[in-house]
Amino acid sequence: MIDILLSAFALSLVLLSINSYFGLEIIRRGIIFTDLAIGQMAALGAAISLFFLEGSYLYPISLFFSLLAGLIIALISQRSKNVEAFIGLMYAFGFAGVYILLSKSYHGMETFQKLMAADILFTPIGEIIKTAILYAVLGVILFVFQKRARGVFKDMLFFITFSITVTSAVKLAGVLVLFALLVAPALIALSIKRGIPLINAWIIGTLINLFSIAVSYRFDFPTGYTVVFFNALAALIVTVCVRNGKMPVKA
Amino acid sequence: MKKIILAAFLLTALPALAERLQIVTTYPYIASITEQIGQERVRVHALAGGQWDPHTILPKPSFIAKLRRADLLIINGAQLEIGWLPPLMNQANNPRIAVGSKGLLDLSRFVQLMDVPTSVSRAHGDIHPDGNPHYYLDPVNIPLLAKAIMDKLIELDATGAGYYRKNHAAFIQAWNEQLTVWDKKMAKLKGITVIEYHKNLDYFLARYEIKLMDTVEMLPGIPPTSKHIAALEEKIAGCKVCYILQDIYNPDEASRHLATKFNIPMVKMPHDVGSVPGAEGIFALFEEIIRRITHD
């Protein structure tokens, strides 16, 4: 049993590594639901591949859709104040689009859910290592170019790397686990005055994930939902208890 | 490391527990039949709860632990588990119950399946290419499953052969006695017309010559469209429909709408052991199905 829990824990850490950075950034920019919108557009891409192409080119098409979504959000965030409303609508658009397409497809919802909703219990260690390498490459790219890029290019760099991350993370862990790991540790880290927020988010996220996976094993709860529950609970409690006015928003 | 030593110690210290044949079944109805035949010589765990949608089971860590310990895995087959079991089997990685090994028993191979597509082409999609997987709701199929389970238990545990045969014979006798009672009760429903939400009860309906007019849902997991509901309403207006049979896990708004509009009773039908109170065990499940549809 230990090996299964270890691989779930390893996956949660791999997801936490780069997503803590993105989490701090999307909270700072005030575009929290970007990952849901991008994830849903990736799902729409998958549904289009299933419906029109019988499931071929599924990954490239869904990556294309998420990149497109990321680029559009990047452009809109440059020129509109109501980015969050736009992002919310994009999510609704993707969600409804998936349902409309699948209502005409004999593959139906079952096939689709099987493709989209993974559980972190089941990810083979090979997939985790591949993802770790992908995130390391993206991390290096961000580290090298983020400081040099300016204006719209900086945004495009951010949203392209974010889209790639979201597409792979949703496939591995599902949209809810990704959302929790993205936002909760970052939100808690921002309420801590000491140290570097990114490092704090990593430490906090690691502790919460370790605790969640232990609880899921001990009480036999579904692992993904337990991770979501405790990450969200911790962030809710910390946010309610931190009294000193507005939280510092600095990535 | 400490935990592993402790586990090893416990395993050696409790040989009485380890000696029983460890059996995992995907659904509770299989566990119920298996317990009747294996009784004291087996330990049976069902993975899915009876009240869940059998097509999509939310996995928990204990599922993998159970699959790792199993000497025998008994599944419904006909692709009912396709959406949730394969990744669990992969992760459990237990060679005793792997595909193709003698520790995996697929019950769908022992019955005649309905709605088997004549040609599995991409045009019709890949839903249930093996046919309708809800075959166990035909009470006449249950003895076929019991026989298959007995044969498998004997194959894996030959020393218990006599014991399994005796239990099996007792089970079949009790089942056949009930069957005559059920047949008598169901006789009065022969020839009536019903609608069901999902194609759950097709085998049961066919057994008792009840006509299925249509299903409320068009595709699993997709709510019915307004066009489909309109077509259903036209059909219902044209003939006498006695019941709308609704399962316990799908949304029932559409069925409720039709039931109210045409003043037809909507009956919630159990689909597995443990799905509703009173359906504990394979006998009680059919007892409850028949009680609900005959208004006893």
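If you're wondering where the values come from, they're calculated on a predicted model, not measured in any experiment.
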- Note: B:Lys60 and A:Pro222 closest approach over all heavy atoms is CG-N, 4.0 Å

- A:Pro124 side chain near B:Asn90 side chain, heavy-atom distance below 4.5 Å: no

- Item | Contacting moiety of A:Thr226, where chain B heavy atoms sit under 4.5 Å | neither

A quick test of your reading: do over 12 heavy atoms of other residues, nucleotides or ligands sit less than 6.0 Å from [atom1] of [X]?
X: A:Phe93; atom1: CZ; result: no
X: A:Phe64; atom1: CZ; result: no
X: A:Tyr57; atom1: OH; result: no
X: B:Glu233; atom1: CD; result: yes

- Taking atom CD1 of B:Ile64 and atom OH of A:Tyr217, what is their separation to the nearest 0.5 Å? 11.0 Å

